[in-house]
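The sequence lines fix the lettering, A, B, ..., with proteins before strands; numbering per chain opens at 1.
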Amino acid sequence: MNLDTLGQTVDCGQCFRWERLPDGSWSGAAGSRCVQVTGENLSGVLSDAFWADYFDMGRDYEAIRERFCALDPILGQAARYAPDLRILNQDPWEALCSFLLSQCNNIKRIKGLVSRLCKTYGESNGACASFPRPEALAVLSEQDLRALGCGYRAGYLVGTARRVAEGALDFDLLRRLPLEEAKRELTALPGVGPKVADCALLYGLHRLEAFPMDVWMKRAMKVLFPGRKPEDFGEYAGVAQQYIFHYSRNHPELF
DNA sequence: GCCCAGGGTGTTT
DNA sequence: AAACACCATGGG
């Protein structure tokens with residue numbers, strides 16, 4: 001892992017608060033913490049307790065890739081294309097909101113929305129703004145969020161924030177429930193369907209078997225893996241999904 | 001001006 | 001169950 005390959009993990013569509021600076025360093029934020037990663041402090045950041053957990057440093061991704069290579073040659077190719085890609089341990093609430101806002105939206109605009117949300121309704125720790133707590137969004141009106149550019153998703157976000165603020169969701173429980181039950185809890189929230197629920201499960205709750213199926217993945221499955229289903233990729237299907245998503249977005253000529 | 005973007009919801013066949 | 005309209009916004 002170096003500054004150039006860090007993008008495989010923080011700029012692959014699973015998070016929206018990382019930005020590469022002109023000098024090659026990365027400025028990133030997660031939950032209520034932020035960091036600037038340079039060539040000098042990279043290994044230090046990755047051994048810090050919080051960021052090591054965030055980057056899932058305790059997991060052997062090489063072993064997962066080898067399993068994928070044995071499973072399917074094209075999946076193996078996608079995995080080898082981004083050997084430093086890891087599934088982040090994001091804050092569940094932040095991940096849920098981010099992907100609720102992602103529907104019918106592009107990554108650049110999602111990043112702008114999340115940034116404005118943090119600056120406007122997060123708590124500022126110096127130059128770093130935290131992601132707003134559910135309680136901070138629950139008291140807003142739909143119009144407040146439309147003013148930030150959330151569009152029709154504003155009502156979904158306020159509605160979901162109110163449900164979470166009143167304790168309707170137990171994120172810790174969602175880590176342990178069978179996947180389909182956890183998914184049912186999430187899709188009961190306004191604006192949360194199957195795809196957003198899978199994103200919250202994979203990126204926020206580290207359920208590595210969850211397989212978000214967006215427009216890119218539907219295309220990729222049809223073209224690259226005809227006749228195969230997410231379950232065929234096993235207990236790490238979500239990791240496979242991320243390799244495929246990243247590979248597909250960097251090879252648009254395939255579609 | 002048009003098309004699309006890591007979809008969800010409600011309604012109609 | 002599958003198809004459809006509608007939902008806002010801005011980047012390319």
Side-chain angles (χ1 to χ4, degrees), chain A residues 7-19 78 81-82 85-88 90 92 94-117 119-120 137 140-164 169 183-225 229-230 233 237-255:
Chain A
Q8 293 175 15
T9 290
V10 300
D11 195 22
C12 70
Q14 64 173 320
C15 59
F16 303 95
R17 295 173 74 194
W18 286 83
E19 176 190 14
Y81 176 72
L85 191 161
R86 317 176 72 84
I87 300 296
L88 296 170
Q90 299 185 59
E94 178 180 336
L96 176 60
C97 292
S98 299
F99 284 94
L100 194 155
L101 291 171
S102 78
Q103 57 183 264
C104 235
N105 218 335
N106 59 62
I107 291 179
K108 184 146 204 132
R109 227 170 81 59
I110 300 165
K111 287 185 177 180
L113 280 177
V114 172
S115 171
R116 290 195 289 281
L117 264 181
K119 281 177 187 159
T120 311
L137 299 183
L140 300 179
S141 73
E142 183 178 335
Q143 278 308 107
D144 293 330
L145 291 180
R146 283 184 183 252
L148 292 186
C150 291
Y152 67 88
R153 311 161 193 85
Y156 294 157
L157 189 49
V158 174
T160 286
R162 289 179 182 161
R163 298 284 296 135
V164 173
L169 216 55
K183 201 165 166 179
R184 204 175 310 134
E185 294 288 323
L186 286 164
T187 52
L189 298 165
V192 179
K195 193 270 179 181
V196 171
D198 277 329
C199 287
L201 287 165
L202 177 58
Y203 306 122
L205 297 154
H206 218 67
R207 297 295 298 259
L208 299 184
E209 75 273 40
F211 194 100
M213 189 75 85
D214 71 322
V215 287
W216 283 88
M217 288 305 299
K218 285 175 187 169
R219 279 197 293 259
M221 291 302 286
K222 188 168 296 189
V223 174
L224 301 177
F225 306 95
K229 303 192 306 185
F233 295 135
V239 185
Q241 180 272 159
Q242 200 60 29
Y243 284 130
I244 297 166
F245 179 79
H246 185 250
Y247 183 81
S248 298
R249 283 183 59 92
N250 285 282
H251 294 83
E253 72 277 4
L254 292 174
F255 310 98

Subject >> Whichever of A:R153 and A:G193 has its nearest DNA chain B nucleotide further upstream toward 5' >> reply: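 The residue closer to the strand's 5' end, by nearest nucleotide, is A:R153.
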
Original post:
Which residue lies toward the 5' end of DNA chain B, A:W216 or A:P190, if each is placed at its nearest nucleotide?
Top reply: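 That would be A:W216.
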
Original post:
Does any N or O donor sit under 3.5 Å from an N or O acceptor when you compare the side chain of A:Y152 with the base of B:dG7?
Top reply: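 Checked by distance alone, the answer is yes.
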
What does [X] touch in the nucleic acid at a heavy-atom separation under 4.0 angstrom: a base, only the sugar-phosphate, or nothing?
X: A:Q241; answer: base
X: A:R249; answer: sugar-phosphate
X: A:C12; answer: base
X: A:G13; answer: base
X: A:L189; answer: sugar-phosphate

Subject >> A:M213 and A:K218, any side-chain heavy atoms less than 4.5 Å apart >> reply: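 SC-SC contact between A:K218 and A:M213 confirmed.
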
Subject >> Residue whose nearest DNA chain C nucleotide is more 5′ - A:C150 or A:K108 >> reply: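 Looking at DNA chain C, the more 5' nearest nucleotide goes with A:C150.
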
To the nearest 0.5 angstrom, please state how far the [atom1] atom of [X] sits from the [atom2] atom of [Y].
X: A:R162; Y: A:L140; atom1: CZ; atom2: CG; value: 8.0 Å
X: A:C150; Y: A:L113; atom1: SG; atom2: CG; value: 5.0 Å
X: A:F211; Y: A:M217; atom1: CZ; atom2: CE; value: 3.5 Å
X: A:E209; Y: A:L202; atom1: CD; atom2: CG; value: 9.0 Å

Please state how far atom [atom1] in [X] lies from atom [atom2] in [N], giving the value in whole angstrom units.
X: A:Q90; N: B:dG6; atom1: CD; atom2: C1'; answer: 13 Å
X: A:K195; N: B:dG7; atom1: NZ; atom2: P; answer: 5 Å
X: A:N106; N: B:dC4; atom1: CG; atom2: P; answer: 13 Å
X: A:L186; N: B:dG8; atom1: CG; atom2: P; answer: 12 Å
X: A:N250; N: B:dG6; atom1: CG; atom2: P; answer: 13 Å
X: A:Q103; N: B:dT9; atom1: CD; atom2: P; answer: 8 Å

Original post:
B:dG6 and C:dG12: how far apart are their P atoms, nearest whole angstrom?
Top reply: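 Approximately 12 Å lies between the P atom of B:dG6 and that of C:dG12.
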
**OP:** Walking along DNA chain C from 5' to 3', note the first and the last nucleotide with an atom under 4.0 Å from a heavy atom of chain A, and give both.
**Re:**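 On DNA chain C, the outermost contacted nucleotides are C:dC7 to C:dG10.
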
Subject >> Listed once per pair and sorted, the salt bridge (charged side-chain N to carboxylate O under 4.0 Å, His left out) pairs that draw on residues 140-159 of chain A, sequence neighbours left out >> reply: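 Residue pairs passing salt bridge (charged side-chain N to carboxylate O under 4.0 Å, His left out), neighbours aside: A:E142-A:R146.
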
Subject >> Donor-acceptor contact present, side-chain A:T187 to main-chain A:P194, <3.5 Å >> reply: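 Such a contact is absent between A:T187 side chain and A:P194 backbone.
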
Subject >> Nucleic acid contacts of residues 203-213 of chain A, taken as heavy-atom distances under 4.0 Å to DNA chain C >> reply: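 Of all residues in residues 203-213 of chain A, none places a heavy atom under 4.0 Å from DNA chain C.
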
**OP:** Could you check whether the rings of A:Y81 and A:H251 sit parallel, tilted or perpendicular, using 30° and 60° as the cut-offs?
**Re:**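 Perpendicular.
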
**OP:** Report the nucleotide, chosen from B:dG8, B:dG6, B:dA5, that has the shortest atom-to-atom distance to any side-chain atom of A:C104.
**Re:**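 Looking only at side-chain atoms, A:C104 lies closest to B:dA5.
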
**OP:** Could you tell me whether A:E19 and A:K111 have a side-chain N and a carboxylate O separated by less than 4.0 Å?
**Re:**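 No, no charged N to carboxylate O under 4.0 Å.
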
Original post:
Are A:F99 and A:F16 near enough that their ring centres are under 6.0 Å apart?
Top reply: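 Under 6.0 Å, so yes.
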
**OP:** State whether the aromatic ring of A:F245 stacks on the base of B:dG6, taking stacking to mean ring centres under 5.5 Å apart and ring planes under 30° to each other.
**Re:**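 So yes, this residue stacks on that base, both cut-offs being met.
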
